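Reading through the structure tokens given below for one structure.
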Protein chains: 2
Amino acid sequence: MENPLIRRLECFVRLSHDDKRLLATAASQRVRRLGPREDIVVEGDPPRDVSLVLDGWACRYKTLADGRRQIIAFFLPGDTCDPHAFAVREMDHSLATLTPVTIAEIARDTLQDIVDASPRLARALIWTMLVTAAVQREWTVSLGQRTAVERLGHLLCELFLRLRAVGLTDGPSCELPLTQVDLGEATGLSNVHVNRVLQELRGSGLISLKGRVLTIHDLQRLQAVALFNAAYLHLDREGRTLDANDAR
Amino acid sequence: MENPLIRRLECFVRLSHDDKRLLATAASQRVRRLGPREDIVVEGDPPRDVSLVLDGWACRYKTLADGRRQIIAFFLPGDTCDPHAFAVREMDHSLATLTPVTIAEIARDTLQDIVDASPRLARALIWTMLVTAAVQREWTVSLGQRTAVERLGHLLCELFLRLRAVGLTDGPSCELPLTQVDLGEATGLSNVHVNRVLQELRGSGLISLKGRVLTIHDLQRLQAVALFNAAYLHLDREGRTLDANDAR
DNA sequence: CGGCCCATTGAATTGCCTCAACGCTCGTGG
DNA sequence: CCACGAGCGTTGAGGCAATTCAATGGGCCG
């Protein structure tokens, strides 16, 4: 199977054969397998190498002194955890797996070499960082303004589209290996309320969620209900209106 | 008065004379003055040059279809708005002034020249991006987990420390040119409730807030109340424990 | 002086939370 | 093979934090 990072970057730029080879070799140097619910890095640690998720789901989270926990981001296959984090002295948050995960650890220098070798890849990597930031902003909007139904609906839309971008959906369905507690920690809701909201979404025929499989029966309508606007995912390839300019 | 960006970057690295000159000239090429409550860029626009706030307060915000509005970030003097935003086709959020603002518009190429000329400046600029991202994550935690009192307390701590980092505090006081509506839009609370919470904070002797001046009487205690941990601001100069290594 | 923006206050409402209990499924060990 | 416990989902009841609606007052500007 092709490296999901390649698939992800190709949402943005068309990669040359060489680009792909560069990425593929970098991502195969040091591959680690982790179990579910395992910390990768914890708050206070010095930053490690860049981690690229090859398979499975992980998350970024932060814990308050009294134990309250907030999931800050989800990492899906093809996502990188903080390409530049090494610029700070210690991590201000933790990373953990949710499912069993395969990650590729890419050394700082390797990454630098890639960036130097291919301006196109450099641009693509910056693009992933911008999208990560945009997602974080959208979560801020969700938590600040959206109701519980909208928040959950929005999150499901986002995850579905992100998975689809790396080829991990099956028609209207995708895996959703999150518990209701996880969903609550990501949306700032209690697990009890998550449960009731999911029932509401199921009841109105928008989704099915059974076992670990999510099916979105009417993506359009779910997006409308959740006030979801996909623009922030920047899934449109940059060159589409600017192809002539690609040489730059 | 010295350029506030210089002061800000010096929180992180010690800049050479040349570095400062580079920055100072870049920031003086195109200076714009804006009134209060003016949009700088709106959602859907193509990204412009990088804007550096020289004076005044601005914000990033997003509006939902039905008018609900969330302030996503505050820009204080010395902050840059999205050094890399030009990598995407259209803005997914808006920027607006809150007070009268002076900004320096720095062209993409100028920025590139600076980065090429000084690796130290390049690192410092990456650091500002990381801090911006860290602040965004902390807002996610606030909105998701903190109570109204904690949220407002946390925001006040953050703003105060960020202002102090660029020399804009006066002992325990600083300017806070935000209305209670603004504070509500940033914290996801109604302006009515913001009002009541502020009274609570005043009542317990933690702060004064009168006119546009905030005074934090007991920063330690306010931090404790708000579960505030300044680590995410990464205000410690990178070299402090690594000075010997500065040559790299 | 009149009008507007902002802060403040009260009252009624509600979205979501907490607490508590129960059922299901699955893996494990006796 | 069945018993048992753990983790997760589900349900009900009661409570509280924060909201909405509405009205009032102060300060500033034209």
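Every chain is numbered from 1, with letters handed out A, B, ... down the list of sequences. Quantities reported herein were computed from a predicted structural model and do not represent experimental measurements.
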Exercise. Just by modelled atom types, is the A/His193 backbone N or O under 3.5 Å from a matching donor or acceptor in the A/Ser190 side chain?
Worked result: yes
Exercise. Judged by atom type as modelled, is there a donor-acceptor pair below 3.5 Å linking the side chain of A/Asp39 to the main-chain atoms of A/Val42?
Worked result: no
For this session: Please list, in 5' to 3' order, the outermost nucleotides of DNA chain C lying under 4.0 Å from any heavy atom of chain B.
Result: C/dC6 to C/dA11
Problem set entry | Expected output: side-chain A/Arg212 to main-chain A/Glu175 donor-acceptor under 3.5 Å | no
Exercise. When you check the side-chain N and O atoms of B/Thr215 and B/Ser173, is any donor under 3.5 Å from an acceptor?
Worked result: yes
Problem set entry | Within 6.0 angstrom of A/Glu105 CD, more than 12 heavy atoms from elsewhere | yes
Problem set entry | N-O pairing of A/Glu185 and A/Arg69 below 4.0 Å | yes
For this session: Taking the six-membered ring for Trp and the single ring otherwise, decide whether the centroids of A/Tyr232 and A/His154 are under 6.0 Å apart.
Result: yes
Exercise. With sugar-phosphate meaning primed atoms plus P, OP1 and OP2, does B/Arg37 contact a base, only sugar-phosphate, or nothing at under 4.0 Å between heavy atoms?
Worked result: nothing
Exercise. Counting N and O atoms only, with roles assigned by atom type, does the side chain of B/Asn195 sit under 3.5 Å from a partner on the main chain of B/Val192, one being a donor and the other an acceptor?
Worked result: no
For this session: Return yes if some donor-acceptor pair links the side-chain N/O of A/Gln223 with the main-chain N/O of A/Gln220 below 3.5 Å, else return no.
Result: no
Exercise. How would you give the extent of chain A contacts on DNA chain D, as first and last nucleotide 5' to 3' within a 4.0 Å heavy-atom cut-off?
Worked result: D/dC8 to D/dA13
Exercise. Quick check: does any side chain N or O of A/Thr97 sit under 3.5 Å from a backbone N or O of A/Glu38, one acting as donor and the other as acceptor?
Worked result: yes
Seminar exercise, completed: Within residues 186-208 of chain A, those residues having any heavy atom closer than 4.0 Å to DNA chain C are A/Gly188, A/Leu189, A/Ser190, A/Val192, A/His193, A/Arg196
